[in-house]
Amino acid sequence: MARIRCVVERITYQNPENGYTVLKVRVKGYKDLVPVVGNLLDANVGSVLIVDGVWKADIKYGRQFMAERWEETLPATIYGIEKYLGSGLVKGIGPKFAKKIVQKFGIDTIQVIEQDTSLLMEVEGIGKKRVNMIHESWERQKEVKNIMLFLQEHDVSTSFAAKIYKQYGNESIKKIQENPFCLADDIWGIGFKTADKIAQKIGIGKQSYLRLRSGIMYTLSELAGSGHVYAEQAQLVLKATKLLDAKEEYIIMTADQMIKDNDLIFEEDAFYLPPFYFAEIGTTRKLLRLLNQTVVDGMPQDIDITKIEKKLGIKYDSLQVDAICQAAKSKVLVLTGGPGTGKTTVTKGIITAYKQYGLKILLAAPTGRAAKRMTEATGIEAKTIHRLLECKPPDGYQKNEDNPLDGDVLVIDECSMIDIVLMNSLLKAIPKTMRLILVGDINQLPSVGAGNVLRDIIDSKKVPVIELSRIFRQAQNSRIITNAHLINSGKMPDISNGKYTDFFFIQKEKPEEITEEIVTLVKNNLPRYYKIPVSEIQVLSPLQRGAAGTINLNILLQEALNPDGIGIRRGGYIFRTHDKVMQIKNNYDKEVFNGDIGIIEKVDMEERTLTVNFDDRHIEYDVTDLDELVLAYAVTIHKSQGSEYPVVVMPIIMEHYIMLQRNLLYTGITRAKKILVIVGTKKALAYSVQNTAVTKRNTKLKKRLIGGETCLKH
């Protein structure tokens with residue numbers, strides 16, 4: 001084992017999936033930069049590292065130092081100090097001020113910042129405000145480094161250090177030592193396994209109640225992440241036993257105690273986390289009560305469709321007429337259908353009918369993009385559901401039973417995306433006098449969150465449902481639409497290509513060939529042929545991992561489309577000005593939500609912040625918030641729900657077989673408005689079309705709705 005002390009000059013490569021990193025470092029006594037390879041995800045340019053490892057000769061890359069263990073230390077030379085301070089790690093000091101400060105204080109620079117930052121005011125251009133910023137940032141950095149060392153000692157990724165400090169401040173290490181499982185409860189991105197690694201190291205017993213309780217909570221949260229509202233007893237015991245390496249009786253005893261403590265709710269062999277239980281009960285009760293109300297808004301049950309047709313310049317077919325007439329009679333209505341069947345046209349007819357009788361109409365959708373599309377289609381402002389309900393953290397939604405929505409009709413689009421918790425919050429805010437119209441495509445993927453709300457409501461047969469099935473003539477000219485319907489009926493799509501088609505299939509076998517083809521399509525071929533900007537092209541992939549998964553594709557596409565310029569590194573990504581990024585967590589403070597896509601318009605290396613433009617809303621992110629963002633040149637098909645893109649490129653290969661299902665393929669294809677290009681194999685495409693084995697979700701909403709109020713125990 002050898003040891004080197006080095007200054008990080010460049011980060012040549014980082015894989016955010018596994019942390020694999022290639023650094024170019026300056027080492028005393030070596031003329032050229034030395035390549036250091038290993039899991040160094042959290043190393044920054046300018047950092048001084050002490051690295052333990054071994055030298056290895058690589059046939060392709062030459063002599064490299066293979067890191068096995070490393071720690072960060074403070075620089076000891078003038079060059080190192082300037083490089084360190086100029087890297088942007090300390091807020092208020094960029095390359096310009098780093099040079100000035102080091103010129104003034106030389107080798108004593110670190111000592112000055114450590115002991116008396118007020119002396120920095122002797123440097124030209126540095127005022128009191130900047131001195132305070134530097135002081136606060138330095139103190140914070142010191143504490144974060146202590147946390148990093150603590151995590152490193154326990155073989156845990158140090159990338160969590162800043163988030164832990166943000167949550168607990170100077171009490172961080174004490175808090176973790178008292179109960180490491182609080183990390184899994186309090187900090188987004190840290191799961192049970194990370195917390196458990198620390199717990200094992202500090203001597204918390206494998207059968208301790210603290211550990212078993214946290215493991216059960218984690219198991220239920222993971223199941224909720226897969227769409228389950230609850231866990232069956234056998235399912236919970238099997239998964240928790242495997243996770244915790246504990247005996248079944250210990251799991252059952254712990255779960256019993258958690259029920260007594262109200263941490264869990266148990267009903268008919270179903271274990272619920274309380275928020276999901278009360279959301280399912282609440283959704284059932286509120287929907288049934290809404291259905292039982294008499295319509296009293298003065299709109300007649302029989303309406304003249306010809307007036308609506310004349311006003312809109314549209315001729316409706318018989319099923320569409322039925323939908324508009326049903327909306328006039330119904331308290332709650334579901335309108336469903338695939339692309340090209342006229343959902344938007346019918347929705348406009350329903351809205352026009354209501355407006356003729358002076359009804360106040362509210363429009364909403366789960367995502368910002370879906371709401372924007374709704375506004376463009378109807379001419380009425382549509383909001384995201386979160387904005388409609390006036391979400392104000394930490395108090396939650398301002399619109400609720402005590403302060404309901406003001407209107408006569410609420411129309412919600414893209415309802416297949418709504419999970420049980422959001423539906424409950426929405427129904428809380430609907431007054432009993434309001435009508436509710438739910439619009440969505442039932443054949444798309446279900447919600448990312450727990451539940452199968454739209455499907456359960458339709459299957460309960462408690463709510464009138466109109467399913468549009470006819471593809472209209474103008475839509476029949478689109479092979480995207482006709483192929484989507486072929487796939488939905490279990491038939492292979494037409495992949496004959498051709499000059500005038502909007503649906504293309506490019507046969508490629510090897511993952512490397514597929515990724516190379518996708519990069520060429522996005523960078524050169526599609527923009528040149530269709531005369532469109534690259535920003536109108538979206539790559540969608542079934543999976544995050546693998547050669548053709550979103551993580552690798554984003555690295556390749558960023559390198560091809562936006563390789564230069566300053567940027568902030570975080571979690572294996574470098575975020576540069578003009579990068580396309582996606583929010584992956586609901587952030588109610590910033591009012592940006594899971595799946596929102598924006599463009600980085602500013603990177604401030606001194607402040608360690610960047611600004612993202614989300615549909616003309618400019619949101620600032622501190623470096624510690626950046627794990628809420630990922631590059632979005634490529635996104636998963638799941639994350640694309642509720643969005644449409646002019647051009648979509650999609651890899652479909654057997655490497656993704658675990659996710660290749662008909663509804664996933666159908667959802668991906670229907671995201672494309674103008675052009676769709678599939679790159680992959682016919683075998684994988686055929687497998688997707690035939691695979692209808694969608695995982696059943698644990699939900700009792702349908703059963704509760706059928707049972708009516710009598711099935712409600714609370």
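These numbers come from the heavy atoms of this one structure, side chains and all, not from hydrogens, waters or symmetry mates.
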To the nearest 0.5 Å, what is the distance between NZ on Lys175 and CD on Gln167? 8.0 Å

Looking at side-chain heavy atoms only, is the closest gap between Val346 and Ile466 below 4.5 Å? no

Do Thr284 and Leu701 touch side chain to side chain, with heavy atoms closer than 4.5 Å? yes

All pairs passing salt bridge (Lys or Arg N to Asp or Glu O under 4.0 Å) where residues 403-417 contributes a residue, at least two apart: Lys360-Asp406, Arg373-Glu414

Nearest atoms (heavy-atom pairs only) where Gly368 meets Asp596: N-OD1, 4.2 Å

To the nearest 0.5 Å, what is the distance between CD1 (Ile669) and CD1 (Ile652)? 7.5 Å

Which atom of Ala548 lies closest to which atom of Ser541, heavy atoms considered: O-OG, 2.8 Å

Under 3.5 Å: donor-acceptor pair, side chain of Arg211, backbone of Lys206: yes

Tell me whether Arg671 contacts the main-chain N or O of Tyr645 through its side chain, where contact means a donor paired with an acceptor under 3.5 Å. no

Would you confirm whether Thr667, through its side chain, and Leu445, through its main-chain N or O, come within 3.5 Å as a donor-acceptor pair? yes

Is the CZ atom of Phe266 crowded by more than 12 outside heavy atoms at less than 6.0 Å? yes

Say you draw a straight line from CD1 of Ile412 to CG of Leu422; how long is it, rounded to the nearest 0.5 Å? 8.5 Å

Pair Asn554-Tyr573, side-chain donor/acceptor within less than 3.5 Å: no

Verify, without hydrogens or angle tests, whether Gln538 (side chain) and Ala632 (backbone) share a donor-acceptor contact under 3.5 angstrom. yes

Separation between CD of Gln326 and CG of Leu333, rounded to the nearest 0.5 Å: 6.0 Å

Heavy-atom donor-acceptor pair, Glu644 side chain to Gly642 backbone, under 3.5 Å: no

Less than 4.0 angstrom from a charged side-chain N to a carboxylate O is my criterion; do Glu280 and Lys700 meet it? no

Begin from the C-alpha positions of Ile350 and Arg435 and carry the test side chain to side chain contact (heavy atoms under 4.5 Å, CB included) through to its verdict. CA-CA 12 Å; Ile350 290 170; Arg435 296 176 187 247; over 6 Å; no

Sorted by chain and residue number, the ring-ring contact (aromatic ring centres under 6.0 Å, His included) partners of Phe192 (sequence neighbours excluded) come out as Phe181, Tyr218

Less than 4.5 Å apart, any side-chain heavy atom of Tyr168 and any of Leu183? yes

If you compare all heavy atoms of Ser688 against all heavy atoms of Leu660, which two are closest, and at what distance to 0.1 Å? OG-CB, 3.4 Å

Any side-chain heavy atom of Tyr621 sitting closer than 4.5 Å to one from Val592? yes

When you measure from the side chain of Asp419 to the backbone of Val421, do you find a donor-acceptor pair of N or O atoms at a distance under 3.5 Å? yes

Which atoms form the tightest heavy-atom contact between Ile457 and Val334, and what is the distance? CG2-CG2, 4.1 Å

Set out, in order, the CA-CA distance, both residues' side-chain angles and the distance that settles side chain to side chain contact (heavy atoms under 4.5 Å, CB included) for Val635 and Leu540, then state yes or no. CA-CA 5 Å; Val635 303; Leu540 303 180; 3.5 Å; yes

Evaluate side chain to side chain contact (heavy atoms under 4.5 Å, CB included) for Tyr354 paired with Ile437, printing each intermediate quantity in order. CA-CA 12 Å; Tyr354 287 142; Ile437 309 295; 3.5 Å; yes

Charged N-O contact under 4.0 Å between Asp625 and Lys590: yes

Would the distance check show the side chain of Thr336 and the main-chain N or O of Gly440 forming a donor-acceptor pair, the cut-off being under 3.5 Å? yes

Quick one: does any side-chain atom of Thr375 pair with a main-chain N or O of Ala382 as donor and acceptor, under 3.5 Å? yes

Quick one: closest heavy-atom pair of Gly407 and Met434, and the distance? O-CE, 3.3 Å

Look only at the side chain of Lys331 and the backbone of Gln293, and say whether a donor-acceptor pair between them is shorter than 3.5 Å. no

Enumerate, atom names and distances included, each donor-acceptor pair closer than 3.5 Å involving a side-chain atom of residues 219-239, sequence neighbours excluded.
unit_1	atom_1	unit_2	atom_2	d
Thr219	OG1	Gly215	O	2.8
Ser221	OG	Met217	O	2.9
Ser226	OG	Glu222	O	3.4
His228	ND1	Asn698	N	2.9
Gln235	OE1	Glu232	N	3.2
Gln235	OE1	Asn698	ND2	2.7

Has Lys585 got more than 12 heavy atoms of other residues, nucleotides or ligands less than 6.0 Å from its NZ? yes

So, using side-chain contact (heavy atoms from CB on, under 4.5 Å) as the criterion, who are the partners of Ser425 when residues are at least two apart? Leu389, Tyr397

Looking only at heavy atoms, the pair that brings Leu288 and Arg704 closest together is CD1-O, 4.4 Å

Is there a side chain to side chain contact (heavy atoms under 4.5 Å, CB included) between Ile216 and Leu264 once you walk through the steps? CA-CA 10 Å; Ile216 288 172; Leu264 295 181; 4.2 Å; yes

State, with a plain yes or no, whether a side-chain heavy atom of Ile420 is found less than 4.5 Å away from one of Asp456. no

Regarding Asn452 and Thr699, do their side chains bring together a donor and an acceptor under 3.5 Å, going by distance alone? no

List for me each residue that meets side-chain hydrogen bond (donor to acceptor under 3.5 Å, both in side chains) alongside Asn488, sequence neighbours excluded, and say none if there are none. none

Basic-acidic side-chain contact under 4.0 Å: Glu381, Arg387: no

Distance (rounded to the nearest 0.5 Å) between Met374 CE and Thr344 OG1: 8.5 Å

Report yes if the side chains of Thr550 and Leu553 come closer than 4.5 Å at any heavy-atom pair, otherwise no. no

Atom pair CD (Glu249) and OG1 (Thr241), whose distance is rounded to the nearest 0.5 Å: 9.0 Å

Hey, does the side chain of Asn594 reach the backbone of Asn586 with a donor-acceptor pair shorter than 3.5 angstrom? no

Is there a side-chain contact between Pro446 and Arg697, using heavy atoms and a 4.5 Å cut-off? yes

Got a sec, which residues hit side-chain contact (heavy atoms from CB on, under 4.5 Å) with Glu401, two or more places apart in sequence or on another chain? Lys286, Lys428

Is the closest side-chain heavy-atom distance between Leu212 and Met253 below 4.5 Å? no

